[in-house]
Asks: 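What follows is a structure written as structure tokens; I'll ask about it next.
Since we're looking at a predicted model, the values are computed, not measured. Per chain, numbering begins at 1; letters A, B, ... match sequence-line order.
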Amino acid sequence: MERIRMDEGVTGNLPTLHRHSSRWLPAGPPSLWRVAAAILVLSTAAVLAAADNAAPKATGSASAHITMEIFSDYQCPGCKVLHFATLRRVVDEYVSTGKVYLIYRDLPLPQHTHARQAARYANAAQRLGKFEAVDDALYGTQETWSKNGQIEAQLASVLTKTELKKLQELARDPSVDAGIARDIQLARQQQVNQTPTLVITANGKVFRVAGVVQYEVLRRFLDSLLE
Amino acid sequence: MIARSLSLLFRLALAVVFLYAGITKAKSPALFALAIDGYQLLPAWAVIALAHVLPWMEILLGLLLAVGWWPRWVSLGTSGLLGFFFTVMAITYLRGIQADCGCFGFGEAISPRTLARDGGLLLMAFFVLFTSWRQPRTPTTS
């Protein structure tokens, strides 16, 4: 043990190991620690990137007074009706004005053979920045690809060849399926077992609305929540 | 004697149910409209109109049941309304549509339990209807 003068008039004893404050790492080959640090940095980056990719498909301001989650299945006819007859107007009149934050959740039903693949493409489209176009195309051509499973042929009308190829690659990313699995788990937790279902949260309350809701009815309800 | 006592009991119970249901729905017609819309039977304008009118009808029926005015016609109206509700709920359930009952506001799905409950209320209403029509009319003094 060495006696070290720490300050004028003050002395203290410090163990030899911590005598040099700059050496905070145990002794060893420097390159090993550089490799460890690099691995740590890369892992952190990967986790952050995965978390970013795992962000839900959503539109609007996250600080909006009302949050509306839509659990849907791209092969569900009712979901198509809700999408075109109701949700579009909700987006135009409530989401774009900052009143509603709309989150899209995937709930592909087991009896719909191609629904999960369609959901994969929608999630991949979100990463490509083409979610709205693909979302509209999937519902718009639902009857066609529901029968023959040729989803990509329908998406070719809204995507360039390069975009379509990128979409196919992204759709094969395991994190896409992980995101869909997370939505399905969320549906179970919220006791959502049919599509479409809206889960509306506002003023500390949660309202679960199953089935196709007519826009004028939903509009009055949203207005009552905004009062 | 027993029938009359039971009829009175059922009438008052139905009054409480109707008043509670009507007041709950009248407080939030927009929410009640969502429940009606879930049955997928009516266009939007009819859903909205019914959501505003029906709760007050229930409140009026509840009051009339409570005071016992015009027992025959009120019990007929009560049975008719409950019969209509029960029929629509049963058909919706059999169609596999997962709709909200809308019986006491929002948040209760149609299920065998709600059907049994409303069926029970309907039977009570029929009993009140039957006993009220069986009773001789109280003669009015001139």
Side-chain angles (χ1 to χ4, degrees), chain A residues 65-66 68-73 76-82 84-87 89-90 93-94 99-100 107 109-112 187-188 190-227, chain B residues 21-59 85 87-115 118:
Chain A
H65 186 71
I66 300 170
M68 187 188 304
E69 296 170 273
I70 166 70
F71 287 87
S72 60
D73 170 328
C76 151
C79 297
K80 175 180 176 174
V81 173
L82 185 77
F84 287 116
T86 304
L87 283 185
R89 294 180 68 181
V90 169
E93 297 182 31
Y94 288 88
K99 294 172 187 168
V100 170
L107 187 56
L109 301 176
Q111 63 267 34
H112 292 152
R188 280 201 196 104
Q190 298 194 35
Q191 297 174 321
V192 172
N193 50 21
Q194 77 164 54
T195 59
T197 296
L198 296 173
V199 177
I200 301 170
T201 307
N203 304 326
K205 292 182 185 170
V206 180
F207 305 90
R208 198 166 53 244
V209 184
V212 180
V213 186
Q214 297 180 82
Y215 175 71
E216 284 302 324
V217 176
L218 183 60
R219 180 179 75 77
R220 278 166 173 75
F221 178 63
L222 293 177
D223 286 344
S224 74
L225 292 176
L226 291 167
E227 281 168 8
Chain B
I23 290 169
T24 305
K25 292 173 210 173
K27 286 194 314 194
S28 182
L31 193 53
F32 182 42
L34 274 182
I36 298 173
D37 198 49
Y39 284 81
Q40 299 175 29
L41 287 172
L42 299 170
W45 66 265
V47 167
I48 293 161
L50 199 60
H52 281 86
V53 167
L54 194 59
W56 294 105
M57 275 176 61
E58 289 180 330
I59 290 171
F85 288 160
T87 305
V88 170
M89 278 170 59
I91 291 172
T92 303
Y93 185 74
L94 290 171
R95 281 170 70 196
I97 296 172
Q98 200 176 51
D100 200 275
C101 166
C103 306
F104 301 102
F106 191 86
E108 186 186 30
I110 300 174
S111 65
R113 192 178 74 83
T114 55
L115 286 167
D118 282 36

Asks: Shortest non-hydrogen contact from B:Val47 to A:Gln214?
Replies: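 In terms of heavy atoms, the two residues are closest at CG2-NE2, 4.2 Å.
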Asks: Rounded to the nearest 0.5 Å, how far does CG of B:Leu34 lie from CZ of A:Arg220?
Replies: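 Atom-to-atom, A:Arg220:CZ and B:Leu34:CG are 11.5 Å apart.
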Asks: What part of B:Leu31 is in contact with chain A, defined as an atom under 4.5 angstrom from a non-hydrogen atom: side chain, backbone, both or neither?
Replies: both
Asks: Any side-chain heavy atom of B:Gln98 sitting closer than 4.5 Å to one from A:Asn193?
Replies: yes
